[in-house]
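What follows is one structure encoded as structure tokens, with my remarks underneath.
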Amino acid sequence: MHVFKWILFLIQPIIMQHALAQTCCSGGVPLANNIGGLPISVKNTWQFSFGADLNVLTTLKEGTSKLDDRSRERKTLSLLFKTSYSITDKFFIDGLFSWVQQERIISQPTGFTDYDQTRGLGDAVVLFNYNYFNFKRVKLIAALGPKIPFGLSNLKDSDGLTLNADLQPGSGAWDGIFLHRIQATGKARPSRLYFANFTYRYTGVNTEYLGEQDYQFGNELQLLAGVADQFLIGTALISVGLNARYRSVRQDKFNNELLPNTGGNWVFLMPVVGWHIKSNMILSLNGEVPLYANVDGTQLSPTYRINGGIYYSISKNNQVKKQVNK
């Protein structure tokens, strides 16, 4: 078995171009999915969010067709820390940092099971945001920043072979991210919030993949839109929302050649619920289920996703007011 793996390692660059890839561009660290989620706040406000994101992929698809094959499974558990500081009422900085654990299981009818697991610090995102339009109930925010390759991208399995790029905690490359947010509150119900986010990620190249090879994840476009509102249930203030997300990813490239069985288009539905423990503290939970998937070639596609966390904010303005009132 060890001899076979070493032979596979030597011919891996050829296999990656022609064979059925066991990678999938929906199984990695969900950085682009989670940026831009913190509220727009006034000057001198710190915001913090700590959460966990579980992405489970057991659905094998070819194009839009679901295949009757349960021999493969992917799970990605990400711990996400988000923070934001409002320098002025219009300009603020977001940071997203991650720790990730990924698992891949491939089962054969003979009873053989191949299991790989990686864990470690993931990549990070820093965004510089500017609220360039604020009139009555509508706000427009543009943001730009890098995805920083903090995570390792050269982890090996138990036999000393470098794992596929989509199993690595990091990408090994700098990316550029552009985000545009549209936010509006309801006229009859000011507590009701409508929003739409446009995110584009332009990916860089990892020039040290498998030693001296080049690997580039596909550029990514996401559109997220939804509505949320707040209700009193007894003495508890509860937020509920419903979001829809469209994600389009171009094919990955290996040594500047398109890699088969990567890339695709997805539509997800995301119900959201939050409990306002305090005015500046919220406990939230949301799920995500695919409504549509059209993958390039044959790939594992998301089956479901669960994301939950706690949010906390500190405003220096409020602290000053409290001291004055004393």
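Since we're looking at a predicted model, the values are computed, not measured.
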- Heavy-atom neighbours of Q117 CD exceed 12 at 6.0 Å: yes
- Following the transitive rule for hydrophobic clusters with a side-chain heavy-atom cut-off under 4.5 Å over Ile, Leu, Val, Met, Phe, Trp and Tyr, establish whether V273 and L54 coincide in one cluster. yes
- Within 6.0 Å of CZ in F231, more than 12 heavy atoms from elsewhere: yes
- Item | Hydrophobic cluster identity match, L242 and V267, side-chain contacts under 4.5 Å | yes
- Message: Any donor-acceptor pair under 3.5 Å linking the side-chain atoms of T303 with those of T58?
- Response: yes
- Between F195 and F133, is there a shared hydrophobic cluster once you connect ILVMFWY residues whose side-chain heavy atoms come closer than 4.5 Å? no
- Query: Counting distance only, does the side-chain N/O of T118 pair as donor-acceptor with the main-chain N or O of L167 below 3.5 Å?
  - Reply: yes
- Message: Can you confirm whether the side chains of Q102 and R104 place a donor and an acceptor under 3.5 Å from each other?
- Response: no
- Query: Taking a hydrophobic cluster as the set of Ile, Leu, Val, Met, Phe, Trp and Tyr residues connected by side-chain heavy atoms closer than 4.5 Å, whether directly or through intermediates, do L291 and V56 fall within one such cluster?
  - Reply: no
- Do the charged groups of D53 and R305 touch, with an N to O distance under 4.0 Å? yes
- More than 12 heavy atoms from other groups under 6.0 Å of OH on Y85: yes
- Task: Take atom CZ of R189 as the centre, draw a 6.0 Å sphere, and report whether it contains more than 12 heavy atoms from other residues, nucleotides or ligands.
- Result: yes
- Message: With no hydrogens and no angle check, just 3.5 Å: does a side-chain donor-acceptor pair link S248 and N265?
- Response: yes
- Query: Does a donor on one side chain and an acceptor on the other come within less than 3.5 Å for N154 and Y209?
  - Reply: no
- More than 12 heavy atoms of other groups within 6.0 Å of W99 CH2: yes
- Query: Judged by atom type as modelled, is there a donor-acceptor pair below 3.5 Å linking the side chain of N219 to the main-chain atoms of T203?
  - Reply: yes
- Cut-off 3.5 Å, side chains only: do Q213 and Y215 have a donor facing an acceptor? no
- Task: For the residue pair T64 and N294, confirm or rule out a side-chain donor-acceptor distance under 3.5 Å.
- Result: no
- Message: Is there a side chain to side chain contact (heavy atoms under 4.5 Å, CB included) between I314 and F48? Walk through the geometry before answering.
- Response: CA-CA 9 Å; I314 302 174; F48 306 93; 4.2 Å; yes
- Message: Counting only heavy atoms from other residues, nucleotides and ligands, does the tally under 6.0 Å from CD of E212 exceed 12?
- Response: no
- Check the hydrophobic clustering (I, L, V, M, F, W, Y; side-chain heavy atoms under 4.5 Å; chains of links allowed) and say if I310 and F81 are grouped together. yes
- Hey, is the main chain of L80 close enough, under 3.5 Å, to the side chain of S78 for a donor-acceptor pair? no
- For K278, does the NZ atom have more than 12 heavy-atom neighbours from other residues, nucleotides or ligands under 6.0 Å away? no
